There are 2 protein chains.
Amino acid sequence: MPPKGTFFNLPRAKQDRILAAAVREFAENGYRRASLNTIVQRLGIAKGSLYQYFANKEGLFLHVFDRFTDLVKEMLASQVKNGPEADFFRQIQEALLAGLRFIDNQPDFYRIYLRVLFEEDVPRRRELLGKVRLFSMEYFGGLCARAQINGIIRPDLPCPMVVFLMESVLDRFLQAYASPDHDNGLGLAALSAIDRDQAVTQTIDVLKNGLGRVKAEG
Amino acid sequence: MPPKGTFFNLPRAKQDRILAAAVREFAENGYRRASLNTIVQRLGIAKGSLYQYFANKEGLFLHVFDRFTDLVKEMLASQVKNGPEADFFRQIQEALLAGLRFIDNQPDFYRIYLRVLFEEDVPRRRELLGKVRLFSMEYFGGLCARAQINGIIRPDLPCPMVVFLMESVLDRFLQAYASPDHDNGLGLAALSAIDRDQAVTQTIDVLKNGLGRVKAEG
DNA sequence: TCCTTATGTGACCGGGTGGTCATGTTAAGA
DNA sequence: TCTTAACATGACCACCCGGTCACATAAGGA
């Protein structure tokens, strides 16, 4: 259910304004509670017009999410370009930093992603999440496989488990950064750039060496 | 905004039926989308009656969440009772297993908790989450402090950071167990009891020793 | 028995929603 | 200039919501 042809006939600037208004509304309210009335009101256009660009609410939302996956694809592409043969944990750290930059640059898109992740009444939810996960599974899965071959990470864990644990920590870090409700009093979002970078370093170090008392160097 | 006195005048069985219907509806739909019409319809009572027991939707919901915090309190109490001087990682593992049991026994209550955690339009959200977090901060924060004194975990990380990282992993594990949408293809929810226990063990081991190649024993 | 109080009832209200469509407006080709 | 097709408009629709309230019913004391 892509946008109708009429949408792409619009001047690019107007397309962008409509997209921005939709992104804002969906980010602030999630899919179900987002109001088309509010969107058209803020845009100063008639509701009928919106329905001439998109078949319905779902069509508008899918267009918004498509733009999100485009942005993720861009990000991953530039990430892969950066030294694919770097150290495993170095790359994980870069991925986390890239996530933080994404949130800084596109906070509303990230909020929409979280909405889809945690709200059940989103159209084609499985399909949408599947797309994003495919990206991350390919990227992190590949990293893990190579790192195990190179002996950089322990070989006794299956890669899906490794990816799961890594993503647990990275995702939560990003969630806490994006919405203070999710860091349990750590205050990640309010940290200075220096302290934030230290938190990143510590997080990656724990992923590498664990919480246990540091052993003798191997 | 507690239930009105009339609610507690009801036979216990009817109180329980009403609670169960509300729990189900809030678990399935979250706060905003949950429908009082649906609840009274399933209960076979008039909407006016519900408003004689509770001031409004918010009052009903707060009663439901209160029962949830009661259950959490019970769980933590029995958890603390179990060997408080056991090994740190052993206790973390027990906490994770207790979480899994809670989900098995009270799946709807756990879903409601997740709703509150991830949906913004919940009345008194900060207050409700604060209560639960207080429990967990006290428990895990205490564990961390003692474990650092005893030299069981590395001393270079502040406890809030340790708790944050621990909870990242434990919470995500529980979320994945409760709703397959949140494990990235790992299939935690569908695992056999044996495989599930192995996943628990591996998870705790990674928290302790990290993902890096295992060093020489210290 | 009768009166009073407490409890149960569901039609009804105002408000917001996604979606429609007859009508008005604009623009282009002949 | 006239015709025709594409686009813009907002009043309107059916639906569902949380919440109200005048009224019916049941219960308990005298």
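Here the structure is a predicted model, which means the values were calculated and not measured.
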With sequence neighbours left out, write down each residue that passes side-chain contact (heavy atoms from CB on, under 4.5 Å) with B:D108, or none if nothing qualifies.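 Per chain and number, B:D108 pairs via side-chain contact (heavy atoms from CB on, under 4.5 Å) with B:V23, B:R24, B:A27, B:R111.
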Pairing residues for A:Q93 by the side-chain contact (heavy atoms from CB on, under 4.5 Å) criterion, not counting sequence neighbours: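 Scan of A:Q93 (side-chain contact (heavy atoms from CB on, under 4.5 Å), adjacent residues dropped) gives A:L97, A:V200, A:T201, A:I204.
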Identify each atom pair where a protein N or O and an N or O of nucleotides 22-24 of chain C are less than 3.5 Å apart, giving names and distance.
none

Output all residues satisfying side chain to side chain donor-acceptor pair (under 3.5 Å) with A:D16, sequence neighbours left out; order by chain, then residue number.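 For A:D16 there are no side chain to side chain donor-acceptor pair (under 3.5 Å) partners, ignoring immediate neighbours.
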Test of understanding: with side chain to side chain donor-acceptor pair (under 3.5 Å), list the residues that count as partners of B:N105, not counting sequence neighbours.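 With neighbours one apart ignored, the set is empty.
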Can you tell me if the side-chain N/O atoms of B:T6 get under 4.0 Å from OP1 or OP2 in C:dT7?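 It does not, given that no N or O in the side chain of B:T6 lies less than 4.0 Å from OP1 or OP2 of C:dT7.
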B:L10 CG to D:dA27 P: how many Å, rounded?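 So the CG-P distance, B:L10 to D:dA27, works out to 13 Å.
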How many Å lie between CZ on A:F54 and P on C:dT20, as a whole number?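 Result: 16 Å.
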Is a donor from one side chain sitting under 3.5 angstrom from an acceptor on the other, for B:E25 and B:N29?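 Result is yes, a qualifying pair exists.
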Output the single nucleotide from [options] whose closest atom is nearest the side chain of [X].
X: B:A46; options: D:dA8, C:dG10, C:dG8; value: C:dG10
X: A:Y53; options: C:dT9, D:dT9, D:dA8; value: D:dA8
X: A:N9; options: C:dT7, D:dC7, D:dT9; value: D:dC7

Heavy-atom contacts, protein to nucleotides 12-18 of chain C, under 4.0 Å, summarised as B (base), S (sugar-phosphate only) or - (none) per nt, yield -----SB
Can you confirm if the NZ or CZ of A:K57 lies within 45° of the ring axis of A:Y31 and under 6.0 Å from the centre of its six-membered ring?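 So A:K57 does make the cation-pi contact.
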Any salt bridge linking A:R115 with B:E120? Criterion: basic side-chain nitrogen under 4.0 Å from a carboxylate oxygen.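 Yes.
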Can the ring centres of B:H63 and B:Y53 be said to be less than 6.0 Å apart?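 No, the ring of B:H63 stays outside the 6.0 Å limit from the ring of B:Y53, centre to centre.
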